[in-house]
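Each chain gets a letter, A, B and so on, in the order its sequence line appears, and its residues count up from 1.
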Amino acid sequence: MRNMKTVNFDQLITLSRPSPKWIWNAQGQLVEVAANQPAYNHDPVTGEALGFDVEPAATNLLLNSDAPATQTVAVSDATTYTLSVYGSGSAEITVGGAGTATEGAPLTFTTTGASVEVTVTGSLDYFQLESGSVATSIIITDGTAVTREADVPVIENVDTAAWWGASEGWARIQFDGMRQVGGNTTLLLLSGGGVRFVVYTDSSGVLLSYDGTNILNSGVPCVDVPTAGIVTWSTPQDTFKILADGGSVVSSSYNGAFSGISNFNIAVDDMTVELGHLSFGKQYLSDSEMHEKIQELTQ
Amino acid sequence: MSQYRTGTASVVQASAVVSGVGTAWLANVSAGDSFVMAGTGVVYDIASVDGDTQLTLTVPYKGADRSGAYAIQRDFTADGIPEMASGDIETAAIFTRAMRKIQSRFNLITGVAANGAPTYADTTAGIAGTSDTEFFWVPDAGGLTLYQNDNGTAVAQGDYPNSQTLADAVDALNSQESRILALIGSLHPSFGETSLYADFKAQSFVLEVE
């Protein structure tokens, strides 16, 4: 009989994030997670578990973030920024851009100068201004801007014989709330012998697969942002297949020589995502088996 | 409030019952107060006040039969440490008792109750070898049990398992875990085909090992 055992997160994944971060716990409280520790985020209203929170680095440019007051801060001209707030009031860009942010409705805008004025109206508990088109987790500031480092989850020292078959196997991932910061967004990456198997989307929400040189199935659109993906491979058969759900199931396959899997990464590139599930197996899957495993995660 | 010393009291060896003459204990004494016969230096705790002329100690009186002056200590801190007032008698015994109670609190605060406490073969030897409120260890096959001498009664404070007992407990837990995971595998064939399963929402991680 196979020998299975429960393990801790750090026996599975090495997480690097040199700075702490703030997330919502199951009781709807904002809590600080220590540096290099996984942040398991929750819906602040319902308490529903959202999964392992992975984010890029971000800097909150606004000072005294938990006592919001009107202020002017330096920015880069003609650049995308996002303003987010908590509380019953609002924050408006009155100089150097335009628009208003309220709780649950962040404002993404393009700067029109080297500084912006943020004007606070009503009662706010917290506000944040950061570069990019995504409002990331709360970064608390006092008299200076503060940077939260990126989450970099890595599986290393992998015992491939026990975890997955280097020459034959499958890997599956489930995620929510994927928000792209820039470029293509890689959710799942397996590589070896110069070939990369990836599940990712470009800025248009298109599922792509990649062999290290060529995009293999560019232009297969996801109806919605995908929430699950699976890859299976077989070295003896010189083939691999990718399947993802994106409102409708989309897939791609590749047939060509490769020498097996030797590295694995999740949630790389500049992106934010809540990882819900990750699993591996050691056998090559048929199309129907891939569909079945995707459905297990999305139904 | 000072000690209550009105009337006289009589005690009988091996009996927990104390009799009074000219005493009014119901109105002036409570369970939990301390009783001492004048000149003995041995303090007992009162289990109950049965009437104006009778009360019962928490343990039988150990000394010889005796009648005469007595004192009942009625003033304590919130943690049960005796307090003294002007005119009290048997103050040396009361002071020693207070110091021992304070020492026992210190021992508990430092995390290892009675660190450095002596070890005895059994509780009888432990009671004989320690004074009231002191701690002592008694070994058994699984480890050590910590006791406190409470007026001649050994009151267990907790068990401290040895390495073999801990190893046995870990083995038992691992065995149960293996059975549960095997059951999940049989109920969910997909899980049975999986060599690594990570549920980040439940913060649960399972691996296949050699």
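In summary, A:E296 and A:R172 engage in a salt bridge, as defined by a charged side-chain N under 4.0 Å from a carboxylate O.
Checked by atom type and distance alone, the side chain of B:D199 never pairs as donor or acceptor with a backbone atom of A:H277 at under 3.5 Å. In this structure a side-chain-to-backbone donor-acceptor pair under 3.5 Å is present from B:T77 to B:I81. With hydrogens and angles disregarded, no donor-acceptor distance shorter than 3.5 Å links the side chain of A:E55 to the backbone of A:E149. Judged by distance alone, the side chain of B:Y120 and the main-chain N or O of B:G129 form a donor-acceptor pair under 3.5 Å.
Judged by a 6.0 Å distance limit and a 45° cone about the ring axis, A:K293 is positioned over the six-membered ring of A:W170.
Within a 6.0 Å sphere centred on NZ of A:K5, heavy atoms belonging to other residues, nucleotides or ligands number 12 at most.
Using cut-offs of 30° and 60° on the angle between ring planes, the pair B:F136 and B:Y147 is parallel.
Residues of residues 165-175 of chain B having a heavy atom under 4.5 Å from any heavy atom of chain A: none. Using non-hydrogen atoms only and a strict 4.5 Å limit, the part of residues 29-50 of chain A facing chain B consists of A:Y40, A:A49, A:L50.
Listed by chain and residue number, A:F9, B:F200 satisfy the ring-ring contact (aromatic ring centres under 6.0 Å, His included) test with A:F52 (two or more places apart in sequence, or in another chain). Applying the side chain to side chain contact (heavy atoms under 4.5 Å, CB included) criterion to B:T6, with sequence neighbours excluded, gives B:Y4.
Using a 4.5 Å cut-off between heavy atoms, A:Q283 contacts chain B through its side chain alone, with no backbone atom that close.
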